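The structure displayed is predicted, hence computed values, not measured ones. In the text below, chain A, chain B and the rest are named by the order of the sequence lines, each starting its count at 1.
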Amino acid sequence: MINRELSRIFEDLADMEDIEGNRWESLAYRRVANSISLLAIDVLDLYHSKQLRKIEGVGSSIEKKIMEYIETGKISKREDLKEKYNIDFESLRKIQGLGPKRIAILHLSLGIKNLDDLVEAIRNDQISKVPGFGPKSQDALKKSIKFYKSSGADRIPLATCYDDIQEFLSKLRTSGKFTRLELAGSARRLRDTVGDIDLLCSSDDPSAAGDYFTGLGEVKNVIAKGETKISVLLSLGLNCDLRIIDSNSFGAALQYFTGSKEHNIRLRAMAIDGGMKLNEYGLFKGNDSLASLTEEDVYSKLGLELVPPELRENMGEVEAALQRRLPKIVGFEEIQGDYHTHTDATDGHSTFDEMVEAGKKLKYKFMAITDHSKSLKVANGMDEKRFQARNRKIDGYNETTDSIRILKGVELEILKDGSLDLPNRLLNEMDVVIGALHQQISDHMKTNTLRLIKAIRSGMLTTIAHPTGRLLGTRDAYRIDFDAVFEACEENDVALEINGFPTRSDLPYDLVKRAKSYKISFTLGSDAHSTNQLKYLWFATAIARRGWLESKNVINANPYASKGLARQIN
DNA sequence: GCCGTTTTCGGCCCGACTGTTTTCAGTCG
């Protein structure tokens, strides 16, 4: 996958154009760097299918640059600028407080090219003597470098920190220092990964509230502290911004700080077109405030339906809201059970009884037990004999209770040649057959795609498990022609899984939205390997919401769900 | 360099905070 590399290259170009004073080119490059970094699909595949222009912000000039990069490994414009600015922007830009301009000043005055040079210059007390810098700047840079080196990855899966965030929120709420406190930013939009935590509050005594906040035990370092904005580093390794807001403009502020940036830019441009101005204090016409108390007011005065936070990505939601055609996205409370769980019969850590009890406690109407098939040896995958015994056990259990129905399931290996890991006579007994690629993945798109399509056409699968195979921060999506796979799913009544396991989050939301344009159903699964991981079903639901799915698209939200076979409802 | 329910040209979001400044530029979100 070349996305990360390309995204870095355009950031690099943006930095150099900034120094050159070409503000708008810089803006264009930065936009493209951002939209490429959000893509789950390989830009290389978009190149092959001649769809580069479909990437947000890619016009003719940037399209040419991407093609040049793929065909020659270089972009001449960048090579030219690199002659002039031989600087490692990538590492230097990660230091808080260093932007392109200040990096350029340090480069011109001290010859600083990279992080090592910067550390050396600080050690020699050279920075504080550069015009525009001073002792405070030097000290701040020294601190930033220290924090950069001690911190790990910049974004972490939402599901791995969401409990911590909620706990932190509830501690703040019960402190009595705030009249209102809300989560904003990408965590409120339920993006699959978060880079920092944005909080909004109002208080009768803002200054005392701010002091309370910076004095918390969870706060490791205070980065900035003003009257309305405080920025800190939390001990759980995330930055946290707290904005202190007048309660009269809470709705406008909540809208503003929930983002996304791209969504807000669209809204503010709309405001301008209507002779208005939108900022975190409200929607204004001249000096008159038109809306500020609630988010709904702001959207309404702009002529829009209230857009759910999960959809605010500038991916068509503004147009839909304008035409009052926003989807009624599936509700968390509509999800009646889990389509993907494991037990200690294979690689899980909880027993069958423990998992079933936990499902019952969660008031699930159904739960599919989908242990691995025999070829996945590392997970102690089960053969036909073991599955038959397991199926009899499930039948026996279902006789004893009406409160939950346990579905006979399997996460089935799709073998290298696209054939299936277990015989049809066994698969016909199953309620849920989730076909999965785990082993012997090819670098060739065609090979992977044909392998999947052959399995889909077998007539035995109900669902494709974690379709892209990506692991957040570890492994990119497999190279697959997703449109061809979606088409095959549509033709053969096979559903797509949305896997809520934190490092998977697969399908990613943008591909969910793309798949929705086909007549495909979706199953949500936690992929829980122990009872305490069943909560990941909630995050699968979050992805479904971000992918614009309605309850009719999601089998788990459907009265047929407990009958098992996904193909029954298509 | 991109983009279009006014526009294929002329715009391009907006404000807080910081440090180094005598009024503002750079950075950040």
Check: Is the backbone of A/Ile112 close enough, under 3.5 Å, to the side chain of A/His107 for a donor and an acceptor to pair up by distance?
Finding: yes
Next item on the list: Look at the side chain of A/Arg470 and the backbone N and O of A/Arg504, then say whether any donor-acceptor pair between them is shorter than 3.5 Å.
Entry: yes
Notebook entry, point to check: Reckon A/Lys77 touches a base, only the sugar-phosphate, or nothing at all at heavy-atom distances under 4.0 Å?
Noted result: sugar-phosphate
Notebook entry, point to check: What distance, rounded to whole Å, do you find between the two C1' atoms, one in B/dT21 and one in B/dT27?
Noted result: 16 Å
Notebook entry, point to check: Taking the inter-plane angle between the rings of A/Phe10 and A/Tyr29 on a 0 to 90° scale, is it parallel (under 30°), tilted (30 to 60°) or perpendicular (over 60°)?
Noted result: parallel
Note to self: What is the distance, to the nearest angstrom, from the CE atom on A/Met270 to the P atom on B/dC12?
What the structure shows: 17 Å
Next item on the list: Under the ring-ring contact (aromatic ring centres under 6.0 Å, His included) rule, collect the residues that match up with A/Tyr518, sequence neighbours excluded.
Entry: A/Phe486
Margin query: Taking the C1' atom in each of B/dG1 and B/dT6, what is the distance between them to the nearest angstrom?
Written below: 23 Å
Notebook entry, point to check: In this structure, which one of A/Glu313, A/Arg189, A/Glu317 forms a side-chain contact (heavy atoms from CB on, under 4.5 Å) with A/His263?
Noted result: A/Glu317
Notebook entry, point to check: Just how far, in rounded Å, is P of B/dG15 from CD1 of A/Ile245?
Noted result: 14 Å
Next item on the list: List for me each residue that meets salt bridge (Lys or Arg N to Asp or Glu O under 4.0 Å) alongside A/Glu11, sequence neighbours excluded, and say none if there are none.
Entry: A/Arg30
Checklist line | Under 4.0 Å protein heavy-atom contacts per nucleotide of nucleotides 24-29 of chain B, with B for base, S for backbone only and - for none | finding: --SSSB
Item checked: Same-atom distance (P) from B/dC3 to B/dT8, integer angstrom -> 16 Å
Next item on the list: Can you run down the side chain to side chain donor-acceptor pair (under 3.5 Å) pairs that involve residues 237-246 of chain A, sequence neighbours left out, and say none if there aren't any?
Entry: A/Ser231-A/Asp241, A/Asp246-A/Asn248
Next item on the list: Please list residues of residues 296-306 of chain A whose heavy atoms come under 4.0 Å from any atom in DNA chain B, ordered by number; otherwise none.
Entry: none
Notebook entry, point to check: Base, sugar-phosphate, or nothing for A/Ser231, non-hydrogen atoms under 4.0 angstrom?
Noted result: nothing
Check: Rounded to whole angstrom units, what separation is found between the NE2 atom of A/His263 and the C1' atom of B/dC14?
Finding: 15 Å
Notebook entry, point to check: Which part of the nucleic acid does A/Leu322 contact within heavy-atom distance under 4.0 Å: base, sugar-phosphate only, or nothing?
Noted result: nothing
Item checked: Nucleotide B/dG1, atom P - distance to CE of A/Met16 in whole Å -> 13 Å
Note to self: Among B/dT20, B/dG15, B/dT18, which nucleotide has an atom closest to any side-chain atom of A/Ala224?
What the structure shows: B/dT18
Notebook entry, point to check: B/dG26 and B/dT20: how far apart are their C1' atoms, nearest whole angstrom?
Noted result: 11 Å
Item checked: Base paired to B/dT8 (Watson-Crick or G-U; both N/O distances under 3.5 angstrom) -> none
Notebook entry, point to check: Where along residues 21-28 of chain A does a heavy atom come under 4.0 Å from DNA chain B, residue by residue in number order?
Noted result: A/Trp24, A/Glu25, A/Ala28
Check: Quantified in whole Å, what is the C1' atom distance between nucleotide B/dT18 and nucleotide B/dT23?
Finding: 15 Å
Check: Base, sugar-phosphate, or nothing: which does A/Glu227 touch, judged by heavy atoms less than 4.0 Å apart?
Finding: sugar-phosphate
Next item on the list: Round to a whole Å and report the spacing from NZ of A/Lys136 to P of B/dC17.
Entry: 16 Å
Next item on the list: Find the distance A/Leu278:CG to B/dC14:C1' and express it as a whole number of Å.
Entry: 9 Å
Item checked: Value in whole Å for how far the P atom of B/dG15 lies from CG of A/Asn264 -> 13 Å
Check: For the side chain of A/Ser7 and the backbone of A/Asn3, is there at least one donor-acceptor N/O pair under 3.5 Å apart?
Finding: no
Next item on the list: Give the rounded distance in Å between these two atoms: CG of A/Leu141 and P of B/dG19.
Entry: 11 Å
Check: Should A/Thr228 be listed as having a side-chain N or O under 4.0 Å from OP1 or OP2 of B/dC17?
Finding: yes
